[in-house]
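Only one structure is covered here, and it is reproduced in the block below.
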Amino acid sequence: MMEQGMGASGHLYIQTNEVKNFVIHYARHADGTINEVERVATGGAGSGVYKPISGQESAPNAFEAAGSVILSADKRLLFTTNGGDNSVSSFGVGEDGKLTLIDVKRTGNLVTGRSGTAKSLAYLPASGTLFVLHSFGPDHVRLMSVDAEGKLTARPEGYTVNTPDKPLRVSTMVVLSPDEKFLVVGTTFDEPAKANPDGSPILWADQPDGSKKSVASNAPDPDGIIVFPVQQDGSLGEGMFQDGGGGSPFYPAFLHHRPDQFVIGFAVADGVALATLGEDGKIGTGPVVKIDTSAGLPSELCWLAVSPDDQWVFATNFGYSNISSFRIDGDVVSLVHDSACPKVPGDGTFRALNGTVSSGPSDNLITPDGSYLYQIYANASKLIGYAVQADGSLSEVTSAEIPYNSPQGLAGF
C-alpha cells in the first residue's frame, strides 16, 4: 500500500526513464526510511533500458548524466528531463510533496535515432530560464522559459561544448554558480567510446599519424570544463574552454558556504579535486585526490554529494558499485574511505569500462541536514538510503525497488 506524504520529514523524487516516463515520489521519514507515495507520468518518453550514449540494448546510466530531476529553490516547482523524446516536464509541488503535472515541451533538439539525450537541468528563477543539457550536440545546451505558473516555452538559443577538432563531444552535467553569473558544464568524452566485438569499450582513438589518443575529455587536451557567462535574460555568452584538472571532469559541485569554490568528480582521473571559480569565469584546480584503483581503471567516479557543512564529499564509483568518502579541511581534500559502504551487487549482466561487473550506481542525494544519503543502483533495481556516520562511513537504513537499469535523477528536501 502506498503511504501518503503528509507527516513526512521530507520528500524524494526519481525519474524512471521508462519509455513511458514517470516520476516516483517517496515520503522520507525522520529515521531515513522512505515509502512510495505516488508515480506521476511526465507526459514524455524516456529511453527505457536502452543506453543511447553507447548503443547498448540494456545498461544503466543511459545518458552519462547528472541532475536530470531538480527542484526550484522555493520547492514550488519540479523539473525533469525526458531523454527519449528530448522534452522537459514541469510539476507543481504541493505542501504534502505531491506532484501535479503542469507542462511538457520539447527542447528543440531533434531525435534522429532511437532516443534523444536531454539529461541535465539548471534553473535561473531571476529570468525564468531553464538550461537543458544534452549528451550529444552540436546544441548541447538549449534554453526554455518558465512562466509564473510553471509553463514552459522552448527558446531558439543553442550552445555547444564542441571544438573545431572535437565535433562529437559528450557533455555530462550543467550547474549554475551560486552567484548565478556563470553556467558550468562538465564533460566525459571528446568522442563516444566505440565498442570491441565483445562489447567492451575502446577508450583510445586512432590518429592520422598512426598514434592513439584517449577519448576521455581533458586527457590530454586541457579543455574539459566549459564556463558560459550568463546574461540578464538567461542567454549565454561565449564559452570558455578550460582545464578541468584531470581526465573526464564529469561532475562540478559547488560548496554551500564558499560560493567561489567547487569540487570536481573525475570519471577517468579516479578521484576528486577542489577548484576555484574567479569573477572572470576562470577556473583554477587543485590536485586530484585519487581512490584506490587496484580493482581496475577507470573507476568511473562521477556523482558527488557535498554535505551541508562542506566537510564531507561522497563520490559514487560507477565501475566499483560503491561510494567513497572524502573530507575537506580548508583547501585540503583527503580520502577517508575508499569504500564507505559495502558493494551492492547487480544481476551480473553489466560490465563497466574497466571490465568489472557492476550494479551501475549513478545519481545520489544528501539530505538538507546531512544525516542521510540516497543512492541509485539501477542494475540492482534498488534505491538505497544510508545514515551518514561521524567518520564518513555509510550505514544502510532503507531500500526501495525501482525499475531495472533505466532510472536516473534524484531530487528532494
Side-chain angles (χ1 to χ4, degrees), residues 66-81 86-93 102-109 118-134 137-163 169 171-187 223-242 244 249 251-262 264 275-284 411:
S68 67
V69 182
I70 65 170
L71 285 156
S72 60
D74 61 7
K75 312 296 189 295
R76 191 175 63 88
L77 295 171
L78 180 139
F79 303 100
T80 183
T81 57
N86 280 348
S87 68
V88 174
S89 301
S90 60
F91 296 85
V93 182
I102 297 172
D103 202 3
V104 55
K105 291 285 173 59
R106 299 290 183 99
T107 66
N109 278 11
K119 62 171 180 181
S120 182
L121 298 168
Y123 180 51
L124 179 60
S127 60
T129 304
L130 192 65
F131 304 94
V132 189
L133 187 69
H134 303 70
D139 292 328
H140 292 89
V141 183
R142 297 301 299 257
L143 308 188
M144 303 184 107
S145 293
V146 184
D147 72 10
E149 284 72 46
K151 290 280 189 179
L152 305 171
T153 304
R155 290 171 50 165
E157 299 98 328
Y159 305 90
T160 192
V161 302
N162 289 337
T163 65
R169 297 190 98 179
S171 58
T172 56
M173 182 184 183
V174 62
V175 62
L176 274 167
S177 60
D179 62 9
E180 301 179 341
K181 292 181 179 179
F182 297 101
L183 190 76
V184 182
V185 180
T187 62
D223 60 358
I225 285 188
I226 300 87
V227 179
F228 295 94
V230 179
Q231 313 299 331
Q232 190 169 358
D233 65 353
S235 61
L236 303 179
E238 185 174 353
M240 293 175 275
F241 289 71
Q242 303 187 55
Y251 196 116
F254 280 90
L255 300 184
H256 303 285
H257 303 289
R258 288 186 268 170
D260 63 335
Q261 290 190 295
F262 60 101
I264 305 171
T276 58
L277 177 66
E279 293 184 1
D280 57 358
K282 297 293 180 64
I283 289 174

Are the side chain of T81 and the backbone N or O of S120 linked by a donor-acceptor pair below 3.5 Å? no
Contact between L133 and K119 at the side-chain level, heavy atoms closer than 4.5 Å - yes or no? yes
Give the intermediate values and the outcome of side-chain contact (heavy atoms from CB on, under 4.5 Å) for residues V230 and T129. CA-CA 10 Å; V230 179; T129 304; over 6 Å; no
Electrostatic pair R155-E157, nearest N-O below 4.0 angstrom: yes
Can you tell me how far apart CG (D260) and CG (L277) are? Round to the nearest 0.5 Å. 7.5 Å
Just so I know, are the side chains of L124 and E180 near enough to count as touching, which here means a heavy-atom distance under 4.5 Å? yes
For T160 and P138, indicate whether the former's side chain and the latter's backbone hold a donor-acceptor pair under 3.5 Å. yes
Look up atom CD1 in I283 and atom OG1 in T276, then write down how far apart they are to the nearest 0.5 Å. 8.0 Å
Distance col, row I226:CD1 vs Q242:CD, nearest 0.5 angstrom, shows 9.0 Å
What is the distance from atom CG of L176 to atom CZ of F182, rounded to the nearest 0.5 Å? 11.5 Å
Supply the atom-to-atom distance S89 OG to D103 CG, rounded to the nearest 0.5 angstrom. 8.0 Å
For the backbone of I102 and the side chain of E149, can you confirm whether one donor and one acceptor N or O come within less than 3.5 Å of each other? no
With rounding to the nearest 0.5 Å, note down the distance linking OG in S87 to CG in L152. 9.5 Å
Test your reading of the model: is there a side-chain donor-acceptor pair from S171 to the backbone of H134, 3.5 Å cut-off? yes
Side-chain donor/acceptor of T153 to backbone N/O of S145, under 3.5 Å: no
Does either side chain, that of D233 or that of S235, offer a donor lying less than 3.5 Å from an acceptor on the other one? yes
Main-chain N/O of L77 paired to S72 side chain as donor or acceptor, under 3.5 Å: yes
Using atom types as modelled and distance alone, determine if a side-chain donor or acceptor of D223 lies under 3.5 Å from a backbone N or O of F241. no
D139 backbone acceptor or donor facing N109 side chain under 3.5 Å: yes
Closest contact, heavy atoms only, L236 versus Y159: N-OH, 3.1 Å
Just by distance, do the side chain of H140 and the backbone of R169 share a donor-acceptor pair under 3.5 Å? yes
